[in-house]
Amino acid sequence: MFKILHAAFIAPGIKRFVLQAPRIARKQQPGQFVIIRIYEEGERIPLTIEKSDPDRGTINIVVQSIGKTTHLLNSLEAGDSLLDVVGPLGKPSEIEKFGTVVVMGGGVGTAMAYPTAAALKRAGNRVLSIVGARNKELVIEEQEMREVSDTLMITTDDGSYADKGFVTDKLRQLIDNGTRIDLVLAVGPIPMMRAVADMTRKEHIRTIVSLNPIMIDGTGMCGGCRVLIDGKSEFACVDGPEFDAHRIDFAVLVQRNAMYRAAEQKSMEDFQRERDSLLETIHAEQKAACALSGGVQ
Amino acid sequence: MTESTSKALNPLPLKERMKVARQLMPEQPPLLRAANFKEVNLGYSEELARQEALRCLECAKPACVNDCPVGVKVKEFVQLIVARDYMGAAAKIREDNVLPAITGRVCPQEDHCEGGCLMGKKVKPLGIGYLERFVADYEQRHMDPRNIKKAVPTGFKVAIVGSGPSGLTAAGDLVQKGHEVHVFEALHELGGVLVYGIPEFRLPKQIIREQIDYMRAMGVEFENNVVVGKTVTINELLEEEGFDAVFIGTGAGAPQFMGVPGEHFNGVYSANEFLTRINLMHAYEFPKYDEPMLNFRGKDVAVIGGGNTALDAIRSALRLGARKAYVLYRRSEAEMPARMEEVHHAKQEGIEFHMLTAPIEFLSDGKGWLTAARCIRMELGEPDASGRRRPVPVEGSEFDLPLAVAVIAIGTSANPLIQSTTPGLATNKRNYIQADPMTQRTSRKGVFAGGDIVTGSATVILAMGAGRRAAKSIHDYLTTGSW
């Protein structure tokens, strides 16, 4: 089992966890993810690692409540445990000195873009960051991003904080101002990444996005996370999760992510009804497992 | 464990033995079992087992033993059944096979022990698999784990990568030699393909758990959630974690797709994904388990392929409520690599076999959901590299088969996670790890490999054979130090 050492909401519905996972902490590189399973009947979901501390043996994940598993995860507190955490999975981000890099984070995607932004900065790049959220409360990691960026731009959809608009508006401005951009990295909701890809394709700016399709094992064994890249299947878990945005078939990504919508809705409805008793069961199971194994990993 | 000293005489005269019919395996009725995931075969009773054991001709040079990849002493354990010393029989099997309850269920016996059985030339061969299963299940019910002997420690540490059949076999053999054995598994359950690949109705998870618990009692240590190549590398195991040798038994891993248009449509699965959802993630028990599956009620489903995996997938689809369940295979039934018993069971359950048929395209409703497979008929030409007759498309024979779900079970390719992170580890042109067929040694000192990651997709028992050879050669390496 993997103990939660610290857990706190950093925005409504978005929680940061510090997990004890020494093996993963030792090996994690920016852009990589873990797969977690909370309890015996749970599903496996991939989550990007925000950062890790090899000395303390901890990794951070940032989770937005969307479906049952993420809602359940965000109901857990420090002292609770996750049954399984495996990683670090996926290829690390490509880090080298590109020149000027625009790093774009949409919503919870900012937490995923942050470690790569930091690594790009360390590699000597000029990092121009654009962080977007629906409203003021959902802007996350502002301070962290500021520390690793030469310039930080912030947009909110409703204008409740910083500039009203979308992250792509800022990208457009940079392009129109004649800013030389060597690479764009965009992490966020699919429509955002797709819009960025459409914009940079015309400008011939190399663009990397991080994909989060449905995944099970995360080691290349099942092929469930396959995405169409230049018309050919690639696996997000081992060939990605980062891909050249201009080669991705986003329509297929959207279509495949919708495959289990009906079941996901049912799970969510059941969860809303049974949340408390489920949490009770999980706490009891963890206590029993803990007693049996003589502690957590 | 009980020691058997009595050399029981088979009361049946030799010439009478062939007159006894092979005892039938009790099984769930086809229509009942087609709607549940419980085990199809129910197992021999003591009386059935003894009756079957009496048929053994006790050959002077038993071919059954020679034809077993791990060399189970068939004649001797069958004699112990005749003597009603079932625990003695179990101990006899365990001398060569640490997973008897598993091989008794999933081995293609017709290709090995039963294929070699002398009686098989005239009548049906001895039911060796059924007898092995009986003995293993009897042992499980009657053993006391406290009686499992632990060997004297040697001080050597061996890492086993992967808890599938080859890894478990190597682990079991090595721990019995007194080596400290640590098994790393990427998934949250132990057993590898036995757990994610083979369905409950053929190999119940409980059986695998029991066999692994037995290995724990023998002293094997297991660690889940470690993807060797990612979480830790082979070099780190050898240089930083103090292991004296490593055995790589990670399986073939990566699913192959056909490369035909429309494979990305919703409803098209790899067999690995489809079976992993069902077996590892319990999607057939949704919503008790969170992993979802498409609704199969009243839908038509096809599997593409003719191996055990294909049959496991389509029989699972049937159990999920599929209206029509088809096997599409590009060769003829004679070339199907599946176990004979599985083909027989599948037919009984109402699976439709369409031989000499292959999809050339998947069709959709325009919104990304599968609606049909465009298929072409094949005819058999000259034998190919595999020795089987090559399927050749019949021009103009295309037809559309309406389908809601298609499962692609045409084999696997090498998962590159370890090869790409282990400098100096030689691979062949298909990226499988190169290992000596007798010693399972790789090009890296102290590193051994076996099973599907060396040979490509094969069977549980062949992987176990490789694990067994590796254990022997790891033991030799550790005790002599010579490479």
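Convention: sequence-line order gives letters A, B, ...; per-chain numbering from 1. Bear in mind the structure is a predicted one, so any value in this text is a computation, not a measurement. The figures here come from the full heavy-atom set of this structure, side chains too, leaving out hydrogens, waters and symmetry mates.
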Go through [options] and name the one with the most non-hydrogen pairs under 4.5 angstrom from chain A.
| options | answer |
| --- | --- |
| B:T233, B:N266, B:N272 | B:N266 |
| B:H188, B:M293, B:E285, B:K288 | B:H188 |
| B:G253, B:A283, B:A254 | B:G253 |
| B:L294, B:N295, B:T412, B:V226 | B:L294 |
| B:A252, B:P255, B:A271 | B:P255 |

Practice problem: Mind ranking A:G220, A:S233, A:G218 by heavy-atom pairs under 4.5 Å with chain B and telling me who comes out on top? | Solution: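 Highest number of pairs under 4.5 Å: A:G220.
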
Quiz item: Picking from A:L228, A:D217, A:V227, which has the most non-hydrogen pairs under 4.5 angstrom with chain B?
Solution: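 Among the listed options, the one with the most contacts to chain B is A:L228.
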
Which bit of [X] is near chain B, if near means a heavy-atom gap under 4.5 Å: side chain, backbone, both or neither?
| X | result |
| --- | --- |
| A:R256 | both |
| A:F271 | neither |
| A:Q32 | side chain |
| A:L83 | backbone |
| A:R44 | both |

Minimum heavy-atom separation for [X] and [Y], please, with both atom names.
| X | Y | answer |
| --- | --- | --- |
| B:P292 | A:E43 | CD-OE1, 4.2 Å |
| A:G223 | B:F257 | O-CZ, 4.2 Å |
| B:V227 | A:L89 | CG2-CD2, 3.9 Å |
| B:P287 | A:D270 | CB-OD2, 4.1 Å |

Pick one of side chain, backbone, both or neither for [X], based on which atoms fall under 4.5 Å of a heavy atom in chain A.
| X | value |
| --- | --- |
| B:E185 | neither |
| B:Q256 | neither |
| B:V268 | both |
| B:F274 | neither |
| B:T276 | side chain |

Self-check item: Check: A:T69 main-chain N/O paired with B:D290 side-chain donor or acceptor under 3.5 Å
Solution: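 Not confirmed, B:D290 side chain does not pair with A:T69 backbone.
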
Quiz item: Do A:R23 and B:E223 sit within salt-bridge range, that is, some charged N less than 4.0 Å from a carboxylate O?
Solution: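 Looking at A:R23 and B:E223, the cut-off is met.
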
Quiz item: Ion pair present between B:E236 and A:R26, side-chain N to carboxylate O less than 4.0 angstrom?
Solution: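 Salt bridge between B:E236 and A:R26, a charged N being under 4.0 Å from a carboxylate O: no.
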
Quiz item: Does a sphere of radius 6.0 Å around CZ in A:R201 hold more than 12 heavy atoms from other residues, nucleotides or ligands, not counting ones at 6.0 Å or beyond?
Solution: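 Check passes, neighbour count above 12.
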
Nearest 0.5 Å, what's the [atom1]-[atom2] distance between [X] and [Y]?
| X | Y | atom1 | atom2 | value |
| --- | --- | --- | --- | --- |
| B:T250 | A:M221 | OG1 | CE | 12.0 Å |
| B:E291 | A:R37 | CD | CZ | 10.5 Å |
| A:L82 | B:N225 | CG | CG | 10.5 Å |
| B:E263 | A:K232 | CD | NZ | 12.5 Å |

Quiz item: Do the ring planes of B:Y269 and A:Y260 sit parallel (below 30°), tilted (30 to 60°) or perpendicular (above 60°)?
Solution: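 Because their plane-to-plane angle lies in the 30° to 60° range, the rings of B:Y269 and A:Y260 count as tilted.
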
Quiz item: Is there side-chain contact between A:C222 and B:R277, with heavy atoms separated by less than 4.5 Å?
Solution: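 Result no, sub-4.5 Å side-chain heavy-atom pair not found.
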
Quiz item: Is any side-chain heavy atom of A:I214 less than 4.5 Å from a side-chain heavy atom of B:E273?
Solution: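 They are not in contact (no side-chain heavy atoms under 4.5 Å apart), so the answer is no.
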
Quiz item: Which is it for A:D249 and B:H264 under the side chain to side chain contact (heavy atoms under 4.5 Å, CB included) test, yes or no, and what are the steps along the way?
Solution: CA-CA 11 Å; A:D249 189 327; B:H264 58 275; 5.8 Å; no

Self-check item: side chain to side chain contact (heavy atoms under 4.5 Å, CB included) evaluation trace for A:Q255 with B:W369
Solution: CA-CA 9 Å; A:Q255 161 223 310; B:W369 288 85; 5.7 Å; no

